[in-house]
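All ligand and atom numbering here is 1-based and tracks the order in the structure. These numbers come from the heavy atoms of this one structure, side chains and all, not from hydrogens, waters or symmetry mates.
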Amino acid sequence: MLSPPRAPYPYSSILELEIEEIDWQRWQKLVNTVADMFNAPATFINQANSKGIEVIIASQKPETHYQAGSIDLNSNIYCHQVVKNSAKLYVRDAKLDPQWSDNPEYTEDNYVSYLGLPISWPDGSIFGTLCVLDTKVTHYSQTYINALAVIKEVIDSDLRHLYKENQLLTLSYTDPLTQIYNRRGFEDLLISTQDLAQRLNRQLILLYFDLDQFKQANDNYGHEIGDEILKTFAKMLKINSRSCDLVARWGGDEFLVLIHAENEHCVELFNHRMAQKLSTCSLSQDIQYSFGYAVLKPGDKTKLDTLLKTADRCMYLNKLAKKNLSSN
Ligand SMILES: Nc1nc2c(ncn2[C@@H]2O[C@H](COP(=O)(O)OP(=O)(O)OP(=O)(O)O)[C@@H](O)[C@H]2O)c(=O)[nH]1
């Protein structure tokens, strides 16, 4: 008997993409049309992702058992075989094949017939399946199977566009030197970060970092070492942040981090961790920085420019204090 894969699928999840440009309604229409065309009680677009086989779109019929969001990781369901072999599977009557005797789709929900095709990411790896399930034995003609293949190609093509768009967006949001967000990425993602913080009733804190005497480092060691300093600093900011925080190079030697923070004590913690991390890297002697911050309470609609001004002013005063201290 063919055993289903035990380990989670390694493929990227559609939810891991930064944009959600899929026309879900179009996919829903396609799935409903397939269910009508095959006169089948259930049609799905499923995704094989790190969680298992996940229903992304389900036909909108009262007889359709599984709903969008339901997941099957380990049992011997038909889709696992399509994904594993990256090939079409047509089971006319599961009763005739002992391979399916422990498939819960058959044993529990009486789906004796299955026709499924693999859907692919543009790099050829498997995205998931487009499948039709039936509680009666079926005899689909080749014409119908071909028609399903054409519909599957539409979905493949949507994924190609999505992937391309996501690549372009990532590129346009990323600072090429440090590989963190650039100004544009920060500005665009700020809104969704604010929405998230609002939903979670959390405050956000904008941290503004500016390297000290960076011009001198450039002059003393050359531009290439200067670049290394910028890269190291960005990497440390990233390491110090959580995935929901926004880390960006605002320009030259200025960096921003927008953190979800319970209170202002988080600023000190962030700074402490940053200083600790920097002290262990090879360029530590030449990476000094000043920082300032501004707080955005839940529901506060302060615009980015105002926040930046507050954080910049705070940074500037800190820098000045340091300069005065060293000149005394
Ligand atoms: N290596 C390198 N240098 C850059 C880059 N972008 C900007 N710079 C340099 O960063 C320096 C910033 O200089 P300033 O704004 O005077 O900052 P600073 O020397 O740190 O002075 P203080 O902030 O007052 O301590 C300038 O010399 C820029 O040429 C870059 O991508 N790579």
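Among all non-hydrogen protein atoms, the one lying nearest atom 19 (O) of ligand 1 is K215 N, 2.8 Å. Looking at atom 21 (O) of ligand 1, its nearest protein heavy atom turns out to be Q213 N, 3.9 Å. For atom 23 (O) of ligand 1, the nearest non-hydrogen atom of the protein is K319 NZ, 2.6 Å. Counting protein heavy atoms only, atom 11 (C) of ligand 1 is closest to F214 CD2, 3.8 Å.
Close approach to R249 involves these atoms of ligand 1, each under 4.0 Å from a residue heavy atom: 5 (C), 6 (N), 30 (C), 31 (O). Set against the non-hydrogen atoms of N218, the atoms of ligand 1 under 4.0 Å away are 1 (N), 2 (C), 3 (N), 4 (C), 9 (C). For ligand 1 and G252, the ligand atoms under 4.0 Å from any heavy atom of the residue are 6 (N), 7 (C). Taking a cut-off of under 4.0 Å to the non-hydrogen atoms of D210, the atoms of ligand 1 that pass are 23 (O). For ligand 1, the atoms sitting less than 4.0 Å from at least one non-hydrogen atom of G226 are 1 (N), numbered in the order shown with element in parentheses.
Only the side chain of D253 comes within 4.0 Å of ligand 1, counting heavy atoms alone; its backbone N, CA, C and O stay farther away.
N318 and Y289 form no side-chain donor-acceptor contact under 3.5 Å, judged by distance and modelled atom types alone. Side chains of D212 and S290: a donor-acceptor N/O pair is present below 3.5 angstrom, by distance only.
Residues passing the salt bridge (charged side-chain N to carboxylate O under 4.0 Å, His left out) test with D188, sequence neighbours excluded: none.
Here's the thing with Q216: none of its N/O atoms is less than 3.5 angstrom from an N/O atom of ligand 1.
Ring centroid separation for the pair F209 and W250 does not come in under the 6.0 Å cut-off. In this structure, the ring of Y111 has its center less than 6.0 angstrom from the ring center of Y66.
R184 has no carboxylate O lying under 4.0 Å from a charged side-chain N of E187, or vice versa, which leaves the two without a salt bridge. Between K309 and D305 there is no salt bridge, since no side-chain N of the basic residue sits under 4.0 Å from a carboxylate O of the acidic one.
Across D212, L211, I229, D227, heavy-atom proximity to atom 1 (N) of ligand 1 is greatest for D227.
At a 4.0 Å cut-off, at least one heavy atom of K323 sits close enough to ligand 1 to count as contact. Every heavy atom of K322 sits 4.0 Å or more from the atoms of ligand 1.
Side chains of L230 and F255 form a contact here, defined as non-hydrogen atoms less than 4.5 Å apart.
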